[in-house]
Amino acid sequence: MPPVIPGFEHHRVPVADGVSLHTAVGGSGPPVVLLHGFPQTHLMWRHVAADLAVDHTVICPDLRGYGASDKPAETDGSVYAKRTMAADIVALARELGHERFALAGHDRGALVAFRAGLDHPDTVTHLACLDVLPTLDMWEVMHGVTAAVGFHLYLMAQPPGLPERMIGAAPDDFFGHFLDIWTTDRAAVADDVRAAYLAACREAVPSIVADYRASAGIDVEHDRADRDAQSTLRMPVSVLQQDWGAALGFDAAGLWRTWAPDLRHTTVTCGHFMAEEAPDDIAKALRDLLAR
């Protein structure tokens with residue numbers, strides 16, 4: 001049996017025409033939605049979710065295109081736009097009986113959470129983003145040879161066909177590469193969890209590529225329109241991330257502050273998969289955010 005979050009129930013929740021999200025739900029109390037990153041599934045939140053479920057209703061979906069959720073074909077850029085994926089999450093919460101909720105996302109899930117905060121400010125009460133920059137800022141800080149760290153961003157930005165074939169030829173090598181290099185504590189992702197991640201990604205190559213391709217196109221357009229309009233996040237925001245700014249030459253907190261006037265920015269010392277490497281610290285940070 002694949003690993004699960006102990007004590008959580010699993011549901012398939014319809015969120016759009018032809019799209020349902022596989023979702024783990026546990027606990028009771030004020031709702032908190034946790035969105036996973038790449039190359040993972042909702043399972044990445046297993047430790048933090050169990051902690052928060054003591055006094056919150058915790059909702060952990062697989063994003064559209066990932067895990068056991070539906071994977072619609074990429075007919076155009078809007079199918080995997082973060083705007084579309086954010087609307088999925090609002091619909092998911094509403095189907096589960098929650099009109100307003102706190103939202104935390106890691107990596108790709110953080111980009112969905114960021115878009116949800118901008119598009120649905122009356123729905124998202126608190127926002128946490130783990131180890132990302134907003135899409136527009138991310139592309140603007142990638143320069144020269146230091147951008148090699150994000151080679152996968154450029155690969156999956158290519159038109160349909162080539163990236164899917166290349167990644168599909170050796171999916172475990174491709175996705176396993178990031179599980180290896182982005183962690184400082186290999187034991188944090190146990191063998192059965194790693195196997196579950198690789199199996200899920202192996203079956204989702206086209207939709208994962210489509211998600212990234214959207215971030216090189218339509219997502220940039222949406223972010224640029226919001227920046228031009230001086231749109232900001234109205235809710236309390238916490239950002240936790242590694243010190244990529246030191247390596248790539250940007251002020252991460254400064255970039256985030258242009259989007260989030262009520263910001264707490266924290267630089268962490270663990271690896272990218274912080275909810276698995278330092279779950280107690282992440283749970284505390286989320287509780288601190290929810291208390292604001």
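With hydrogens and angles disregarded, no donor-acceptor distance shorter than 3.5 Å links the side chain of Asp62 to the backbone of Thr41. Between the side chain of Thr57 and the backbone N or O of Gly29, at least one donor-acceptor pair lies under 3.5 Å. Remark: side-chain polar atoms of Trp139 are paired, donor with acceptor, to backbone N or O of Ser215 under 3.5 angstrom. Looking only at distances, a side-chain donor or acceptor of Asp76 sits under 3.5 Å from a matching main-chain atom of Ser78. For Ser69 (side chain) and Arg64 (main-chain N/O), no donor-acceptor pair under 3.5 Å exists by modelled atom type. Of the possible donor and acceptor atoms, none in the side chain of Asp185 sits under 3.5 Å from a partner among the backbone N and O of Glu277. Remark: side-chain polar atoms of Asp131 are paired, donor with acceptor, to backbone N or O of Gln242 under 3.5 angstrom. Arg186 places a side-chain N or O within donor-acceptor distance of the main-chain N or O of Asp180, the cut-off being under 3.5 Å. In this structure, Arg224 contributes its side chain and Glu221 its backbone to no donor-acceptor pair below 3.5 Å. A distance-only check finds no donor-acceptor pair linking the side chain of His47 to the backbone of Met44 [under 3.5 Å].
Within a 6.0 Å radius of CE in Met235, more than 12 heavy atoms belonging to other residues, nucleotides or ligands are found. Asp191 CG: 12 or fewer foreign heavy atoms inside a 6.0 Å radius. Within a 6.0 Å radius of CH2 in Trp182, more than 12 heavy atoms belonging to other residues, nucleotides or ligands are found.
The shortest non-hydrogen separation linking Val193 to Glu276 is CG1-OE2, 4.0 Å. Residues Met142 and Leu248 come closest through the heavy atom pair SD-CD1, 4.2 Å. Closest approach of Ala110 to Gly105, counting heavy atoms only: CB-O, 3.2 Å. When every heavy atom of Tyr197 is checked against every heavy atom of Pro39, the shortest pair comes out as CB-O, 3.5 Å. Between Gln241 and Val132, the shortest heavy-atom distance links the atoms NE2-O, 3.0 Å.
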Please lay out, stage by stage, how Asp51 and Lys284 fare under the test salt bridge (Lys or Arg N to Asp or Glu O under 4.0 Å).
CA-CA 9 Å; Asp51 184 311; Lys284 182 180 183 304; over 6 Å; no

With salt bridge (Lys or Arg N to Asp or Glu O under 4.0 Å) as the criterion, how do Asp262 and Arg292 come out once you've worked through the C-alpha distance, each side chain's angles and the decisive distance to 0.1 Å?
CA-CA 10 Å; Asp262 186 359; Arg292 285 160 59 188; 2.9 Å; yes

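Salt-bridge annotation for Asp172 and Arg194: absent, with no side-chain N of the basic residue lying under 4.0 Å from a carboxylate O of the acidic one.
Each salt bridge (charged side-chain N to carboxylate O under 4.0 Å, His left out) pair with one or both residues in residues 101-121, not counting sequence neighbours, appears once here: Arg83-Asp119, Arg108-Asp211, Arg115-Asp119, Arg115-Asp223, Arg115-Asp226. Sorted by first and then second residue, the pairs that involve residues 156-167 and meet salt bridge (charged side-chain N to carboxylate O under 4.0 Å, His left out), not counting sequence neighbours, are Glu164-Arg213.
When each of Tyr66, Tyr154, Phe38 is paired with Tyr212, the ring-ring contact (aromatic ring centres under 6.0 Å, His included) condition holds for Phe38 and for no other.
The closest side-chain heavy-atom distance from Gln40 to His106 is below 4.5 Å. Looking at heavy atoms from C-beta onward, Val32 lies out of side-chain contact with Leu286 at the 4.5 angstrom threshold. Thr84 has its side chain out of reach of Val79: every pair of non-hydrogen atoms, C-beta onward, lies at least 4.5 Å apart.
Between atom CG of residue Leu130 and atom CD1 of residue Ile282 there is a gap of 5.0 Å, rounded to the nearest 0.5 Å.
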